[in-house]
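None of the values given here were measured: they were computed from a predicted structure.
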Amino acid sequence: GTLDGWTTAVAPAFEGEAKGREQFALGIMAGCAGIVAGFVGMSGFPILNLHGDTSRGKSTSLMLAASACGAPNQKGAYHSLRKTDNGMESILAARSGITIAFDEGKTTNADALDNVIWMMAHGVGKTRATVTGESRVEKEFGGFAMTANEIPLGQMMTQAKKSQPGGFYARVCDVDVSGVPELVGLEKDRLFAAFAETKLHYGHAWEPVARHLQSVGVEHVATALDRL
């Protein structure tokens with residue numbers, strides 16, 4: 001694939017100032033956020049969680065986010081939250097510095113979600129012992145994560161009587177997409193046919209973003225982030 005192919009595929013999301021397609025535009029922009037986080041050396045993975053009714057394009061938004069810097073599949077940057085701690089740690093470490101999309105939040109139990117959020121928030125894997133009893137070097141990682149669920153992550157944790165990790169609401173942003181109109185008919189077919197091209201054209205957005213970040217410098221970018 002090519003960068004031009006990718007930009008053509010995602011362009012319909014921004015038509016008409018993205019009105020009625022906000023979730024898709026948000027996914028595309030979130031796909032570039034991990035590069036910014038990696039550039040300034042941010043520790044951990046802040047989480048953008050889309051929640052709301054079904055058929056509002058949450059999973060499609062995740063795939064668009066994943067396609068910015070990797071393949072929108074489980075060999076690339078699109079994964080399920082249903083992973084073991086070791087599996088999740090390996091994914092985060094291997095894809096540090098980009099955006100990773102995690103779907104199937106509704107099928108994840110609260111205990112697993114608790115561990116995942118802790119790991120993402122702190123940017124380190126769990127401490128383990130070697131065969132000699134010494135502490136093994138922890139894996140470190142940082143980037144950006146996007147997830148989807150039917151309810152806010154904070155609500156899911158509360159319902160399971162789980163206490164949120166320190167700084168939870170500074171690390172997790174829940175966005176309700178229930179108010180976004182459901183796409184139907186020819187407009188839906190046209191939009192999704194364009195988005196499907198990201199399965200061929202993917203993983204190219206990081207380069208122009210990285211070049212721009214390098215042109216303005218890490219101090220300028222870090223200062224801008226501090227103001228947010």
Side-chain angles (χ1 to χ4, degrees), residues 1-15 17-18 21-50 56-81 88 90-105 120 123 141-149 171-173 175 177 180 183 191-216 218 221-222 224-225 228:
T2 64
L3 176 60
D4 286 343
W6 182 80
T7 55
T8 299
V10 302
F14 296 95
E15 291 175 357
E17 298 183 345
R21 307 169 187 181
E22 293 88 350
Q23 74 279 37
F24 303 131
L26 187 58
I28 295 162
M29 292 185 286
C32 298
I35 310 168
V36 180
F39 182 70
V40 299
M42 183 182 294
S43 176
F45 278 76
I47 303 172
L48 172 63
N49 179 61
L50 301 185
R56 290 299 183 272
K58 297 190 296 294
S59 293
T60 299
S61 300
L62 295 186
M63 294 188 72
L64 292 173
S67 72
C69 296
N73 56 48
Q74 297 219 16
K75 292 183 179 179
Y78 183 89
H79 293 269
S80 165
L81 274 173
M88 182 62 70
S90 296
I91 290 171
L92 295 175
R95 292 157 182 80
S96 186
I98 67 171
T99 295
I100 312 176
F102 293 100
D103 208 350
E104 299 183 39
M120 289 184 178
F141 32 78
F144 195 83
M146 191 171 181
T147 62
N149 204 350
R171 285 285 180 175
V172 177
C173 178
V175 177
V177 297
V180 176
L183 293 170
L191 213 62
F192 278 63
F195 293 161
E197 290 298 305
T198 60
K199 296 178 181 179
L200 173 63
H201 302 281
Y202 58 79
H204 297 283
W206 69 269
E207 188 171 357
V209 175
R211 285 179 177 173
H212 176 71
L213 292 174
Q214 289 175 334
S215 71
V216 298
V218 66
V221 177
L225 287 176
L228 295 177

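Contact record, L213 with F39: O-CZ, 3.4 Å, taken as the closest heavy-atom pair. Nearest heavy-atom pair across A66 and A101 is CB-CB, 4.1 Å. Scanning both residues, V218 and V40, for their nearest heavy atoms gives CG2-CA, 4.0 Å. Heavy atoms only, all atoms of each residue included: C32 and V209 are closest at SG-CG2, 3.9 Å. Residues K58 and A148 share a closest heavy-atom pair of CB-CB, 3.9 Å. Between P12 and T8, the shortest heavy-atom contact is CD-O, 3.5 Å.
In this structure the side chain of L26 reaches within 4.5 angstrom of the side chain of L50, judged on heavy atoms. Using a 4.5 Å heavy-atom threshold, the side chains of L3 and E207 count as separate. L81 has its side chain within reach of M88: a pair of non-hydrogen atoms, C-beta onward, lies under 4.5 Å apart.
Between the side chain of S61 and the backbone N or O of Q23, at least one donor-acceptor pair lies under 3.5 Å. Not one N or O on the side chain of H79 forms a donor-acceptor pair closer than 3.5 Å with the backbone of I100.
Note that CD1 of I91 and CZ of F141 are 11.0 Å apart. Values are rounded to the nearest 0.5 Å. T99 OG1 to I28 CD1: the interatomic distance, rounded to the nearest 0.5 Å, is 12.5 Å. Rounded to the nearest 0.5 angstrom, F45 CZ and R95 CZ are separated by 10.0 Å. Here the OG-CE distance, from S96 to M42, works out to 11.5 Å after rounding to the nearest 0.5 Å. Between atom CD1 of residue I35 and atom CZ of residue R211 there is a gap of 12.5 Å, rounded to the nearest 0.5 Å. Atoms CG and CE, from L48 and M146 in turn, are 4.5 Å apart once rounded to the nearest 0.5 Å.
The aromatic rings of F192 and F24 stand perpendicular to each other, their planes meeting at an angle above 60°, with 30° marking the opposite boundary.
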Exercise for the section: Give the C-alpha distance, both sets of side-chain angles, the deciding distance and a yes or no for side-chain contact (heavy atoms from CB on, under 4.5 Å) between M120 and L92. Expected result: CA-CA 8 Å; M120 289 184 178; L92 295 175; 4.1 Å; yes
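Across Y78, Y202, W6, a single residue satisfies side chain to side chain donor-acceptor pair (under 3.5 Å) together with S67, and that is W6.
The salt bridge (charged side-chain N to carboxylate O under 4.0 Å, His left out) search around R21 returns E15, E187, not counting sequence neighbours.
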